[in-house]
K.L.:
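Structure incoming, see below.
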Amino acid sequence: MRNASLAVLITLPALISIAPQMARAQSAELEQACVAVAKSFMLVPTLKTGVVQSFPELDPPGARLTYSTRANPEPTDYTNEINCEFDKAQAPFGLKRFCISNTCYSASEKEDENRRRFLEVKALMDRQKR
């Protein structure tokens, strides 16, 4: 037990120095782009977000978040999830794919309706860039 405590004390400074780097990896712009995708898809003017994460360093870059469409959500109301993938980590991002729950939408989807929904959201996102 004493050795385990000593190991934690030795590695703690290293873990603390990594934490700011992990926080810097987040991208508020990617996160907001994913929120815009969700709002456009669900046809809602506002969206309450719970946990929001972004991954600008991945290929493709993306973001995911939990959300609620309720006006005054409780912490347990954030059960819906959206994942977004983009062409680039900087604006203009270029929507590549998004998934809500277990259904994904992209230009290459075999399901015609899912491909159509993707093209609609992509068109709305492209209009926002102008």
Side-chain angles (χ1 to χ4, degrees):
M1 181 71 168
R2 186 173 182 204
N3 289 340
S5 298
L6 184 59
V8 169
L9 289 175
I10 291 171
T11 58
L12 190 59
L15 292 173
I16 291 171
S17 69
I18 291 172
Q21 294 169 351
M22 290 171 37
R24 267 186 257 130
Q26 296 281 7
S27 169
E29 294 81 18
L30 276 177
E31 294 166 3
Q32 287 306 309
C34 195
V35 168
V37 168
K39 288 166 61 173
S40 296
F41 180 80
M42 290 179 277
L43 302 171
V44 295
T46 60
L47 190 73
K48 308 290 184 184
T49 58
V51 176
V52 182
Q53 300 172 332
S54 58
F55 307 94
E57 70 278 13
L58 296 182
D59 185 25
R64 67 181 183 178
L65 55 100
T66 58
Y67 66 90
S68 176
T69 55
R70 294 183 182 206
N72 296 309
E74 297 292 324
T76 56
D77 291 334
Y78 295 98
T79 57
N80 302 308
E81 185 177 320
I82 182 170
N83 297 296
C84 302
E85 295 177 3
F86 300 96
D87 291 324
K88 300 183 318 184
Q90 308 84 17
F93 302 103
L95 182 61
K96 187 172 193 165
R97 178 178 189 243
F98 67 94
C99 301
I100 296 181
S101 298
N102 293 323
T103 305
C104 293
Y105 304 85
S106 72
S108 62
E109 289 297 320
K110 290 182 171 89
E111 180 80 31
D112 288 340
E113 189 170 325
N114 292 356
R115 185 172 50 254
R116 172 65 187 214
R117 295 292 90 76
F118 170 79
L119 295 172
E120 290 172 353
V121 171
K122 184 169 179 6
L124 292 170
M125 297 297 291
D126 289 345
R127 288 179 197 164
Q128 289 179 2
K129 292 188 289 192
R130 298 178 198 164

K.L.:
Please report, to 0.1 Å, the donor-acceptor pairs under 3.5 Å made by any side chain of residues 96-103, with sequence neighbours excluded.
P.N.:
none

K.L.:
Walk me through it: do Arg117 and Glu120 pass the test salt bridge (charged side-chain N to carboxylate O under 4.0 Å, His left out)?
P.N.:
CA-CA 5 Å; Arg117 295 292 90 76; Glu120 290 172 353; 2.9 Å; yes
K.L.:
If every non-hydrogen atom of Arg70 is compared with every non-hydrogen atom of Pro73, which pair is closest and at what distance?
P.N.:
O-CD, 3.4 Å
K.L.:
Looking at every non-hydrogen atom in both residues, tell me the closest pair between Pro61 and Ala89 and how far apart they are.
P.N.:
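Closest approach of Pro61 to Ala89: CG-N, 3.5 Å.
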K.L.:
Say you draw a straight line from OG1 of Thr49 to CG of Asn80; how long is it, rounded to the nearest 0.5 Å?
P.N.:
12.5 Å
K.L.:
Can a donor-acceptor pair be found, under 3.5 Å and without considering hydrogens, that links the side chain of Ser68 to the backbone of Lys48?
P.N.:
no
K.L.:
Side chains of Glu29 and Phe93: does their closest heavy-atom pair fall under 4.5 Å?
P.N.:
yes
K.L.:
In Å, rounded to the nearest 0.5 Å, how long is the span from SG of Cys104 to CG of Asn114?
P.N.:
8.5 Å
K.L.:
What's the separation between atom OH in Tyr105 and atom CZ in Arg116, rounded to the nearest 0.5 Å?
P.N.:
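It is 14.0 Å, given to the nearest 0.5 Å.
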K.L.:
Hey, could you give me the CD/OG distance between Glu57 and Ser27, rounded to the nearest 0.5 Å?
P.N.:
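Interatomic distance, Glu57 CD to Ser27 OG, rounded to 0.5 Å: 9.5 Å.
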K.L.:
Atom OH of Tyr67 and atom OG1 of Thr79: how far apart are they, to the nearest 0.5 Å?
P.N.:
8.5 Å
K.L.:
I'd like to know if the side chain of Arg64 reaches the main chain of Gln53, judged simply by a donor and an acceptor atom lying under 3.5 Å from each other, with no hydrogens or angles considered.
P.N.:
no
K.L.:
Consider only side-chain heavy atoms of I, L, V, M, F, W and Y, link residues closer than 4.5 Å, and tell whether Ile82 and Val44 are in one cluster.
P.N.:
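Ile82 and Val44: one cluster.
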K.L.:
Does Leu65 share a hydrophobic cluster with Tyr78, counting links as ILVMFWY side-chain heavy atoms below 4.5 Å and allowing steps through other members?
P.N.:
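Unlinked, Leu65 and Tyr78 end up in two clusters.
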K.L.:
Quick one: CG on Asp126 to NZ on Lys122, what's the gap to the nearest 0.5 Å?
P.N.:
4.0 Å
K.L.:
With a cut-off of 3.5 Å and sequence neighbours excluded, list every side-chain donor-acceptor pair involving residues 30-43.
P.N.:
{"unit_1": "Glu31", "atom_1": "OE2", "unit_2": "Ser54", "atom_2": "OG", "d": "3.0"}
{"unit_1": "Lys39", "atom_1": "NZ", "unit_2": "Pro45", "atom_2": "O", "d": "3.3"}
{"unit_1": "Ser40", "atom_1": "OG", "unit_2": "Ala36", "atom_2": "O", "d": "2.9"}

